[in-house]
Trainee: 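Handing you a structure now.
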Amino acid sequence: MNILLLGGGGREHAIAYKIAQSNNTEQLFIAPGNAGTAKLGTNVNINPEKFDEVKAFVLEHQVKMVVVGPEAPLVLGITDFFAGDDMLKNIPIIGPSKAGAELEGSKDYAKEFMYKHGIPTAAYRTFTKDNIQEGIDFLKTLKAPYVLKADGLAAGKGVLILDNLQEAETELKNMLENAKFGNASSKVVIEEYLKGIELSVFVLTDGKNYKILPEAKDYKRIGEGDTGKNTGGMGSVSPVPFANKTFMDKVEQRIVIPTVNGLAKDNINYKGFIFIGLMNVEGNPYVIEYNVRMGDPETESVFPRIKSDVVELFQHTYDGTLNEVELVTDPRAAACVMMVANGYPDGYPKGDVIEGIETVDQDALVFHAGTKLDADANVLTNGGRVICITSFGDTLEQALAKTYKNVDKIKWQNKYYRRDIGKDVI
Ligand code: AMP
Ligand code: GLY
């Protein structure tokens, strides 16, 4: 069948890599894609947030499955748009309804959902500018550091962790009164700080049945030793040593099952990925956040470890029959290191020529994030996160060694990467 994948980052390149391997795939289209996805299918210049353009393309090219990479089209309701359109309603789309996407679109909604369904998470309260004084009083009942979260989508920047009360009060006012994150901070969630190690858990659900995909750890800070500003993610490893059977059983019983059941109880149509960002607090998992898509750069180490035919998994997801298929995973470790443009996550140059991609070893994977092709077919940098390498190993150490060896083969003028990915969990 013909498949349309929406998105254009490293995550989508890794998803496209698996879709392209499926015997069920005839033509693969990626909108908008990048220089990497162009080698696996056809990039199409469509904005995934313009549903009429998506519809026209799907009908014109006999697309029989749509896979949604990023959250924005989901939060805008692309799944409901398909369900409500006579010509699209029978075309499988992988991604939750608008109501389901609120788990990522509104932190207040997500917290309410967790409380209602007994899912462990940090204690919290939500405030608006009408009860800002109560917010300040609530802050005074907490201990530092203080966690302030803009309710809505804020390009990954809406969470502030502040060491002192004065700063926290000022930022609360900035968010609520001065719209620091625009409309996204018209509500602010203040929550208890959780101390522990983070883990990304991925679930594919058809609304009743679910498969837990390989877990991963992401490295969010720009600097080595987890210092400096937050980024989209500088690398990932899968599996994660501390996520052993005992811990993952707790995650399944306390979080995954109540989440999937909670969605069903609340009558929310959810056929897609649930990305659970959690904190391991002394051996017990607490949900930090839900996302309604795969993680980036977690997908670049998680998807290569999926041996099953992903198109088959997606079809069963849409049909509500995920219980009928087996998820087969690769037991080896995978390590992904992201190379970024120097300056990221602040200002950075674009348009540098990337060299050496063709010299990467056959058994390492190259996933493009922010790249584009110029008229002479040179690959140019075109974003903050530019390109990553994923390799396998029998151990995480071996996977990392192979990845770093290949990272050195890719060159451009303003390249930066972290040299300590995975070190903390080895
Ligand atoms: P988010 O944008 O929700 O992913 O949050 C960004 C980061 O803030 C998370 O990855 C955590 O590292 C951190 N964080 C969020 N909530 C908490 C919390 N309650 N306690 C400690 N750290 C948190
Ligand atoms: N790597 C974190 C995210 O995709 O949100």
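None of the values given here were measured: they were computed from a predicted structure. We count ligands from 1, going down the list as the structure has it; atoms in each ligand are counted the same way.
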Trainee: Once you restrict to heavy atoms under 4.0 Å, what part of Ile288 touches ligand 1? Side chain, backbone, both or neither.
Mentor: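 For Ile288, only side-chain atoms sit under 4.0 Å from ligand 1.
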Trainee: Atoms of ligand 2 less than 4.0 Å from Arg293 heavy atoms?
Mentor: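 Counting from 1, the qualifying ligand atoms are 3 (C), 4 (O), 5 (O).
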Trainee: Hey, is Glu192 one of the residues with a heavy atom under 4.0 angstrom from ligand 1?
Mentor: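 Flag set, Glu192 near ligand 1.
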Trainee: Is it the case that the side chain of Lys217 and the backbone of Gly422 share a donor-acceptor pair, with hydrogens and angles ignored and the cut-off at 3.5 Å?
Mentor: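 Answer holds: no.
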Trainee: At less than 4.0 angstrom from any non-hydrogen atom of Asp218, what atoms of ligand 2 do you find?
Mentor: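 Listed by number with element: 1 (N), 2 (C).
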Trainee: Considering both backbone and side-chain atoms of Ile161, is one of its nitrogen or oxygen atoms within less than 3.5 Å of a nitrogen or oxygen in ligand 1?
Mentor: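 Min N/O separation from ligand 1 is not below 3.5 Å for Ile161.
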Trainee: Show me which atoms of ligand 1 lie under 4.0 Å from any heavy atom of Lys149.
Mentor: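 Taking each heavy atom of Lys149 in turn, ligand 1 has 15 (C), 16 (N) under 4.0 Å.
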Trainee: Decide whether an N or O pair under 3.5 Å exists between Lys220 and ligand 2.
Mentor: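 So ligand 2 has no N or O lying under 3.5 Å from an N or O of Lys220.
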Trainee: Less than 3.5 Å between some nitrogen or oxygen of Glu289 and one of ligand 1, yes or no?
Mentor: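 Yes, there is a polar N/O contact under 3.5 Å.
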Trainee: Compute the shortest N/O to N/O distance between Asn230 and ligand 1 and return yes if it is under 3.5 Å, no if not.
Mentor: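 No.
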Trainee: Tell me, please: is Gly295 in heavy-atom contact with ligand 2, that is, under 4.0 Å?
Mentor: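 For ligand 2, residue contact (heavy atoms, under 4.0 Å) with Gly295 is present.
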Trainee: Run down the list Glu198, Lys157, Arg221, Glu191 and name the one with the heavy atom closest to atom 11 (C) of ligand 1.
Mentor: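 Residue with the shortest heavy-atom distance to the ligand atom: Glu198.
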Trainee: Could you establish whether Gly232 and ligand 2 come within less than 4.0 Å of each other, counting only heavy atoms on the residue side?
Mentor: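 True for this residue.
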